[in-house]
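Report on the following structure.
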Amino acid sequence: MAHVVQAIEAGGPEVLRYTEIDDPQAGPGELLVEVAAAGINFIDTYRRSGLYPMEFPHVVGSEGAGRVIAVADDVTGFSVGDRVAWHNAPGSYATSVAVPAAGVLRVPEGVSDEVAAAIPLQGLTAQYLATGSHRLEPGQTALIHAGAGGVGLLLTQLAKHLGARVITTVSTEEKAELSRGAGADEVFLYGEGVDIAATVRDLTDGEGVDVAYDGVGRDTFDASLASLKVRGSLVLFGAASGPVEPFDIQRLNSSGGQFLSRPSLQWFVRSPEELAERSGMLFDGLSTGWLDFRVGHEFPLAEAAEAHRALEGRKTTGKVILKP
């Protein structure tokens with residue numbers, strides 16, 4: 001039997017149940033992996049809550065790291081004992097999970113299980129944001145919301161590595177220190193009474209930023225758009241505060257011929273080769289020292305509900321993981 005965390009119905013963290021199911025099996029094109037650490041992401045909460053349509057009950061999670069314990073007959077290039085990580089295996093809040101072989105990252109020795117579990121979704125997301133949805137160039141300025149979150153800390157480091165100036169928003173002084181530690185040039189607290197766009201304009205001599213990376217959504221969208229320079233880009237990659245309401249696309253023209261995109265990771269790792277190239281940059285950053293993955297919080301698998309409460313309550317910094 002495998003221990004898992006199921007969402008028994010759509011709702012808040014209270015719908016999560018720690019239980020047992022029959023051991024999964026490696027189907028065609030899959031690896032069976034013993035999970036060493038599972039990553040927690042906002043998309044898990046969207047699926048649990050019903051914001052994203054899902055069948056219930058379902059085993060939560062899609063990201064993790066561990067060792068291969070079985071290989072399907074049609075899969076080549078992998079052996080029992082290989083260390084792998086993944087972002088696209090439904091049911092990863094578990095002690096074992098079947099993972100599509102085409103979507104796994106090979107984990108180099110020297111990278112811990114905890115860090116390996118932090119890389120696939122947040123690491124690859126930060127990588128494609130900085131190099132794909134908007135390619136940062138030396139001298140550009142980027143606004144990054146939730147700068148002390150898992151993606152925010154990584155995206156800040158990638159942006160600095162690529163030569164950009166970085167402005168971040170955070171919710172507490174503690175998080176501000178973490179963001180500065182990741183290399184942010186300017187950090188300010190947002191919340192009630194804070195005019196984000198005006199602050200950004202002050203920090204950019206009235207010009208605005210080349211790109212705003214917004215994973216918060218409803219609460220920051222208008223401010224992000226108002227923070228852009230002429231022909232600037234708003235990259236909306238999440239909805240931590242809720243989905244953005246429909247808006248008049250003419251606003252992009254009247255605000256200065258601006259660009260808006262709503263990307264997600266699946267469109268930037270469409271082949272094993274692209275996945276290897278993007279993950280290779282991350283592993284190179286780890287090995288050469290310019291990139292640091294912060295695992296901020298670890299919870300036992302049985303306490304997944306508490307982990308969701310902490311994430312949704314914005315009480316976390318860095319990556320949140322579960323340990324079976």
Test item: [X] side-chain N/O and [Y] main-chain N/O as donor-acceptor pair under 3.5 Å:
| X | Y | answer |
| --- | --- | --- |
| D74 | P28 | no |
| T317 | G149 | no |
| Q258 | S255 | yes |
| T156 | G183 | no |
| D248 | Q250 | yes |
| S112 | V115 | yes |
| H308 | A305 | no |
| R180 | K175 | no |
| N41 | I43 | no |
| E177 | E173 | no |

Closest approach of [X] to [Y] (non-hydrogen atoms, all atoms of both residues):
| X | Y | value |
| --- | --- | --- |
| A117 | I321 | CB-CG2, 4.4 Å |
| L228 | S233 | CD2-O, 3.3 Å |
| L121 | T125 | O-OG1, 2.6 Å |
| S227 | R201 | C-NH2, 4.0 Å |
| G217 | S241 | C-OG, 3.7 Å |
| P90 | V97 | O-CG2, 3.8 Å |

Got a second to check how far [X]'s [atom1] is from [Y]'s [atom2], nearest 0.5 Å?
| X | Y | atom1 | atom2 | answer |
| --- | --- | --- | --- | --- |
| S92 | W86 | OG | CH2 | 5.5 Å |
| E9 | R17 | CD | CZ | 7.5 Å |
| L154 | L282 | CG | CG | 8.0 Å |
| R278 | L124 | CZ | CG | 8.5 Å |
| R251 | L260 | CZ | CG | 10.0 Å |
| L275 | E277 | CG | CD | 10.5 Å |

Any side-chain heavy-atom pair from [X] and [Y] closer than 4.5 angstrom?
| X | Y | answer |
| --- | --- | --- |
| R48 | P13 | yes |
| S171 | L189 | no |
| D44 | Y93 | yes |
| V99 | E30 | no |
| F56 | I8 | no |
| V170 | V187 | yes |
| V33 | I69 | no |
| L178 | R294 | yes |

Side chains of [X] and [Y] only: does a donor on one sit below 3.5 Å from an acceptor on the other?
| X | Y | value |
| --- | --- | --- |
| S261 | S133 | no |
| T204 | R165 | no |
| N88 | S62 | no |
| E63 | H87 | no |

Go through the steps to decide whether F188 and L203 satisfy the test side chain to side chain contact (heavy atoms under 4.5 Å, CB included), and finish with yes or no. CA-CA 10 Å; F188 65 95; L203 293 171; 4.2 Å; yes

Could you please spell out the steps behind the side chain to side chain contact (heavy atoms under 4.5 Å, CB included) verdict for F283 and L105? CA-CA 10 Å; F283 287 128; L105 289 64; 4.2 Å; yes

State whether K229 and D210 are salt-bridged, where the test is any N-O pair (Lys NZ or Arg NE/NH1/NH2 against Asp/Glu carboxylate O) under 4.0 Å.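 Yes.
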
Name all residues meeting the ring-ring contact (aromatic ring centres under 6.0 Å, His included) criterion together with F293; count only those two or more places apart in sequence or in a different chain, and write none if there are none.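 Not a single residue meets the ring-ring contact (aromatic ring centres under 6.0 Å, His included) criterion with F293.
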
Tracing side-chain links under 4.5 Å among I, L, V, M, F, W and Y, which residues wind up in one group with V4?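 Traced through the cluster, V4 reaches I21, V59.
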
Does R106 make a cation-pi contact with F78, if we ask for NZ or CZ under 6.0 Å from the ring centre and within 45° of the axis?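 Yes, R106 lies over the aromatic ring of F78.
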
Should [X] and [Y] be regarded as members of a common hydrophobic cluster, given that ILVMFWY residues are connected when their side-chain heavy atoms come within less than 4.5 Å of each other, either directly or indirectly?
| X | Y | answer |
| --- | --- | --- |
| V151 | L291 | yes |
| F259 | W267 | no |
| L143 | L252 | yes |
| Y18 | V60 | yes |
| V166 | L162 | yes |

Please enumerate all residues that pass salt bridge (charged side-chain N to carboxylate O under 4.0 Å, His left out) together with E14, with sequence neighbours excluded.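 E14 satisfies salt bridge (charged side-chain N to carboxylate O under 4.0 Å, His left out) with no other residue.
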
Please report the C-alpha distance between Y213 and H134 in whole Å, then the side-chain angles of each, then the deciding distance to 0.1 Å, and finally whether the side chain to side chain contact (heavy atoms under 4.5 Å, CB included) criterion is met. CA-CA 9 Å; Y213 293 109; H134 175 94; 3.8 Å; yes

Test log, rule side chain to side chain contact (heavy atoms under 4.5 Å, CB included), inputs Q6 and L16: CA-CA 5 Å; Q6 287 185 327; L16 298 180; over 6 Å; no

Under the salt bridge (charged side-chain N to carboxylate O under 4.0 Å, His left out) rule, what do D113 and K323 come out as? Steps first, then yes or no, please. CA-CA 10 Å; D113 291 327; K323 296 295 292 289; over 6 Å; no

Using the rule side-chain contact (heavy atoms from CB on, under 4.5 Å), only one of I144, L265, V235, L136 pairs with L129; which is it?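 Testing each of I144, L265, V235, L136 against L129, the sole residue satisfying side-chain contact (heavy atoms from CB on, under 4.5 Å) is V235.
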
So H145 and Y190, would you call those rings parallel, tilted or perpendicular, with 30° and 60° as cut-offs?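 Aromatic pair H145/Y190 classed perpendicular.
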
Over 12 non-hydrogen atoms of neighbours within 6.0 angstrom of CG in D73: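 Not buried by this count: 12 neighbours or fewer within 6.0 Å.
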
Got a sec: does the CD of E114 have more than 12 other heavy atoms crowding it under 6.0 Å?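 Counting other residues, nucleotides and ligands, CD of E114 exceeds 12 neighbours.
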
